[in-house]
A.B. asks: 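There's a structure below that I have some questions on.
The analysis underlying the following values was restricted to heavy atoms, covering all of them including side chains, and did not include hydrogens, waters or symmetry mates. Along the sequence shown, the residues carry numbers beginning at 1. From a predicted model like this one, the values you see are computed outputs, not experimental measurements.
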Amino acid sequence: MESWEKKHIVFFDGDCGVCNFWFQWILERDRKDQFMFASLQSEFGQQFLSERGLNTQEFNTMYLWKPGRYYLIKSQAVLAIANILGGIYKLSAVGKILPSFIRDKAYDMISRNRMKLANQKCYLPDQHQKKKFIQV
């Protein structure tokens with residue numbers, strides 16, 4: 001396992017097909033090796049949530065955490081991930097023209113329906129990709 005302290009950590013719902021699709025999407029585009037991943041259900045994810053006084057039983061929000069600096073939620077996390085990936089994905093910054101409460105309403109609508117939107121499937125990372133997970 002790689003050291004996570006200097007990476008951006010993406011926390012996601014490990015039981016959600018949509019969430020699994022998006023973390024795989026990030027994983028495949030992380031050419032600069034800037035991200036690591038942890039499910040919210042993992043011990044590491046639960047510790048992250050409880051240390052911040054966040055709900056440890058609901059997993060409908062994606063978090064982006066840069067240890068020692070910040071954590072972002074919902075649409076802020078999505079836009080930051082795209083910006084960090086760089087290249088064409090930086091164009092997503094256009095989304096910032098919408099107020100965060102509108103972006104988060106859209107995020108919440110997708111989140112509420114995420115179990116209906118994608119099949120629940122188990123992702124099996126290869127050996128290199130396994131190194132990018134905290135508690136596989």
A.B. asks: Taking Gln76's backbone N and O only, do any of them form a donor-acceptor pair with Tyr107's side chain (distance below 3.5 Å, no angle check)?
C.D. replies: no
A.B. asks: What distance do Ile26 atom CD1 and Phe21 atom CZ have between them, rounded to the nearest 0.5 Å?
C.D. replies: 10.5 Å
A.B. asks: Under the side chain to side chain contact (heavy atoms under 4.5 Å, CB included) test against Arg103, which residue among Leu79, Ile97, Val78 passes?
C.D. replies: Leu79
A.B. asks: Do other residues, nucleotides or ligands put more than 12 heavy atoms under 6.0 Å from Arg69 CZ?
C.D. replies: no
A.B. asks: Output the distance between atom CG (Leu98) and atom NZ (Lys105), rounded to the nearest 0.5 Å.
C.D. replies: 14.5 Å
A.B. asks: Taking all non-hydrogen atoms of both residues, which atom of Ser39 and which atom of Ser42 are closest, and how far apart?
C.D. replies: O-OG, 2.8 Å
A.B. asks: Please tell me whether Arg29 and Tyr89 have a donor and an acceptor in their side chains that are separated by less than 3.5 angstrom.
C.D. replies: yes
A.B. asks: Please state whether the rings of Tyr70 and His8 are parallel, tilted or perpendicular, taking 30° and 60° as the class boundaries.
C.D. replies: tilted
A.B. asks: Measuring only between side-chain heavy atoms, which start at C-beta, is Asp108 closer than 4.5 Å to Lys74?
C.D. replies: yes
A.B. asks: For Asn60 and Arg112, indicate whether the former's side chain and the latter's backbone hold a donor-acceptor pair under 3.5 Å.
C.D. replies: no
A.B. asks: Should Leu72 and Phe101 be counted in the same cluster of Ile, Leu, Val, Met, Phe, Trp and Tyr side chains packed under 4.5 Å apart?
C.D. replies: no
A.B. asks: Any chance you could measure Asp13, atom CG, to Thr61, atom OG1, to the nearest 0.5 Å?
C.D. replies: 10.0 Å
A.B. asks: With distance as the sole test, does Gln46 use its side chain to make a donor-acceptor pair with the main-chain N or O of Thr56 at under 3.5 Å?
C.D. replies: yes
A.B. asks: How far does CG of Leu40 sit from CE of Met62, to the nearest 0.5 angstrom?
C.D. replies: 10.0 Å
A.B. asks: When rounded to the nearest 0.5 angstrom, what distance separates CG in Leu54 from CD in Gln57?
C.D. replies: 12.5 Å
A.B. asks: Please report the C-alpha distance between Ile81 and Ile84 in whole Å, then the side-chain angles of each, then the deciding distance to 0.1 Å, and finally whether the side-chain contact (heavy atoms from CB on, under 4.5 Å) criterion is met.
C.D. replies: CA-CA 5 Å; Ile81 289 167; Ile84 294 163; 5.5 Å; no
A.B. asks: Taking the inter-plane angle between the rings of Phe23 and Phe37 on a 0 to 90° scale, is it parallel (under 30°), tilted (30 to 60°) or perpendicular (over 60°)?
C.D. replies: tilted
A.B. asks: Examine Tyr71 together with Phe11 and report whether their ring centres are nearer than 6.0 Å.
C.D. replies: no
A.B. asks: Parallel, tilted or perpendicular: which fits the ring planes of Trp4 and Phe44, with parallel below 30° and perpendicular above 60°?
C.D. replies: perpendicular
A.B. asks: Do the side chains of Trp22 and Ile88 join up, straight or via other hydrophobic residues, at under 4.5 Å, putting them in one cluster?
C.D. replies: yes
A.B. asks: Applying a strict under-4.5 Å side-chain criterion to I, L, V, M, F, W and Y, I'd like to know whether Ile102 and Ile110 cluster together.
C.D. replies: no
A.B. asks: Taking the side chain from Lys66 and the backbone from Lys6, do they hold a donor-acceptor pair closer than 3.5 Å?
C.D. replies: yes
A.B. asks: Do other residues, nucleotides or ligands put more than 12 heavy atoms under 6.0 Å from the CG atom of Leu91?
C.D. replies: yes
A.B. asks: Could you go through the ring-ring contact (aromatic ring centres under 6.0 Å, His included) check for Phe48 and Trp65 one step at a time?
C.D. replies: CA-CA 9 Å; Phe48 169 82; Trp65 179 41; 5.3 Å; yes
A.B. asks: Which distance, rounded to the nearest 0.5 Å, do you find between the CD of Glu28 and the CG of Asp30?
C.D. replies: 11.0 Å
A.B. asks: Could you go through Tyr63 and Ile9, starting from their C-alpha distance and side-chain angles, then the distance that decides it, and tell me whether this counts as side-chain contact (heavy atoms from CB on, under 4.5 Å)?
C.D. replies: CA-CA 8 Å; Tyr63 298 88; Ile9 313 298; over 6 Å; no
